A.B. asks: 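What follows is a structure written as structure tokens; I'll ask about it next.
No experiment lies behind these values; they were computed from the predicted model shown. A note on names: the letters A, B, ... follow the listed sequences, proteins ahead of strands, and every chain is numbered from 1.
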Amino acid sequence: MIPRLKAEYPDAKTELDWTNPLELLVATILSAQTTDVRVNGVTKTLFQRYRTAHDYAEADPGELEEEIRPTGFYRNKARSLRGMARALVEEHGGEVPSTMQELVALPGVGRKTANVVLGNAFGVDEGVVVDTHVRRVSNRLGLTAEQDPEKIEQDLMNVVPREDWTVFSHLLILHGRRICKARKPDCPNCPLNDICPSARYYKAPR
DNA sequence: CTCCCGATAT
DNA sequence: ATATCAGGAG
């Protein structure tokens, strides 16, 4: 399954725009329940104005809310960004920590966001990113029957080799966006059509 | 469990 | 009109 996905999506990586761990952390917090296209549209100018954790910590709450408004949940996200940045300044010397324990202790940072930062910014396969796409595709493929993200992550970590955890996350997310879509899955064009228990509409003759 | 939130696809 | 989008906190 993994080799076939790698062949289908050879350049699978995050589609969020970022150039350092702080930018990726901010972009990932903003990405909750929002497309990465919309996040990138906001961060394009946001990252020019806010370059350090100190910049976010000292940001005017109202201004920050307006700047991230298109990403939705803007009041909660602005509060998370400011709280997260204050924690970075006060407890981590203004730098983004590189351990799961320290990351999930930050306001607005859950295990999913922490896995994104660890896997992409620090190159550590600490876990599998379980977002809405990974959950849906994993359920459809029969990789797990769980609905709780942490239980899904455990099931996936037992099936996927550790060195593939981060790549696997990207593959499933990309596959979920391109083919295994929530509303109208494109099963006829799915490379996993023949081994998917949920394949509808069409079974490829292999 | 609910709430937060706007834009797009269907 | 409604479901969905790189979720997390209370």
A.B. asks: Measuring only the P atom in each nucleotide, how far is C:dG8 from B:dA7? A whole number of Å is fine.
C.D. replies: 23 Å

A.B. asks: I need the CZ-C1' distance between A:R178 and B:dA9, as an integer number of Å.
C.D. replies: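 Rounded to the whole Å, the gap is 17 Å.
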
A.B. asks: Rounded to whole Å, how long is the line connecting atom CZ of A:R75 with atom P of C:dA9?
C.D. replies: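 In whole Å, C:dA9 P and A:R75 CZ are 18 Å from each other.
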
A.B. asks: When you measure from the side chain of A:W165 to the backbone of A:V160, do you find a donor-acceptor pair of N or O atoms at a distance under 3.5 Å?
C.D. replies: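 Answer holds: yes.
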
A.B. asks: Quote, to the nearest angstrom, the C1' distance that separates C:dT4 from B:dC4.
C.D. replies: 16 Å

A.B. asks: Can you check the distance between B:dC5 and C:dT2, where both ends of the measurement are the C1' atom (answer in whole Å)?
C.D. replies: 16 Å

A.B. asks: Identify whether a stacking contact exists between A:F73 and B:dC5, where the ring centres must be under 5.5 Å apart and the planes under 30° apart.
C.D. replies: no

A.B. asks: Expressed as a whole number of angstroms, how long is the span from A:R177:CZ to C:dT4:C1'?
C.D. replies: 13 Å

A.B. asks: Can you tell me how far P of C:dA6 sits from NZ of A:K77, to the nearest Å?
C.D. replies: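 Atom-to-atom, A:K77 to C:dA6, this comes out as 11 Å.
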
A.B. asks: Does A:D36 reach the main-chain N or O of A:L16 with its side chain, forming a donor-acceptor pair under 3.5 Å?
C.D. replies: no

A.B. asks: Is a donor on one side and an acceptor on the other found under 3.5 Å between the side chain of A:S138 and the backbone of A:R135?
C.D. replies: no

A.B. asks: Quick check: does any side chain N or O of A:R111 sit under 3.5 Å from a backbone N or O of A:E150, one acting as donor and the other as acceptor?
C.D. replies: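 Here the side-chain-to-backbone pair does not exist.
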
A.B. asks: On a whole-Å scale, what distance lies between the P atoms belonging to C:dA6 and B:dT10?
C.D. replies: 13 Å

A.B. asks: Could you check whether A:Y74 and A:E66, counting side-chain N and O atoms only, form a donor-acceptor pair closer than 3.5 Å?
C.D. replies: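 Looking only at side-chain atoms, A:Y74 and A:E66 do not form any donor-acceptor pair under 3.5 Å.
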
A.B. asks: Within residues 124-134 of chain A, find the residues that approach DNA chain B with a heavy atom at under 4.0 Å, and present them sorted by residue number.
C.D. replies: none

A.B. asks: Looking only at side-chain N and O atoms, does A:T45 offer a donor or acceptor that is under 3.5 Å from a partner on A:Q48?
C.D. replies: no

A.B. asks: For C:dC5, does OP1 or OP2 lie under 4.0 Å from any side-chain N or O of A:R136?
C.D. replies: yes

A.B. asks: Please report, rounded to the nearest Å, how far the C1' atom of C:dT2 is from the NZ atom of A:K181.
C.D. replies: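 Rounding to the nearest Å, NZ of A:K181 and C1' of C:dT2 are 17 Å apart.
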
A.B. asks: Check whether any side-chain N or O of A:N189 sits under 3.5 Å from a backbone N or O of A:I179 as a donor-acceptor pair, and report yes or no.
C.D. replies: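 No, the answer is negative, given that no donor and acceptor are paired below the 3.5 Å cut-off.
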
A.B. asks: A:R135 has an atom CZ; how far is it from atom C1' of C:dA6, in whole Å?
C.D. replies: 13 Å

A.B. asks: For A:K13, enumerate each residue passing the salt bridge (Lys or Arg N to Asp or Glu O under 4.0 Å) test, keeping only those at least two apart in sequence or located in another chain.
C.D. replies: none

A.B. asks: Whole angstrom is fine here: how far is it from CG in A:L81 over to P in B:dC5?
C.D. replies: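 Answer to the nearest Å: 13 Å.
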
A.B. asks: In residues 9-40 of chain A, which ones come under 4.0 Å of DNA chain B, going by heavy atoms?
C.D. replies: A:Q33, A:R38

A.B. asks: Could you state the atom-to-atom distance from CG of A:N76 to P of B:dT2 in whole Å?
C.D. replies: 17 Å

A.B. asks: Does a donor on one side chain sit under 3.5 Å from an acceptor on the other, for A:N120 and A:T14?
C.D. replies: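 Distance-only check fails for A:N120 and A:T14.
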
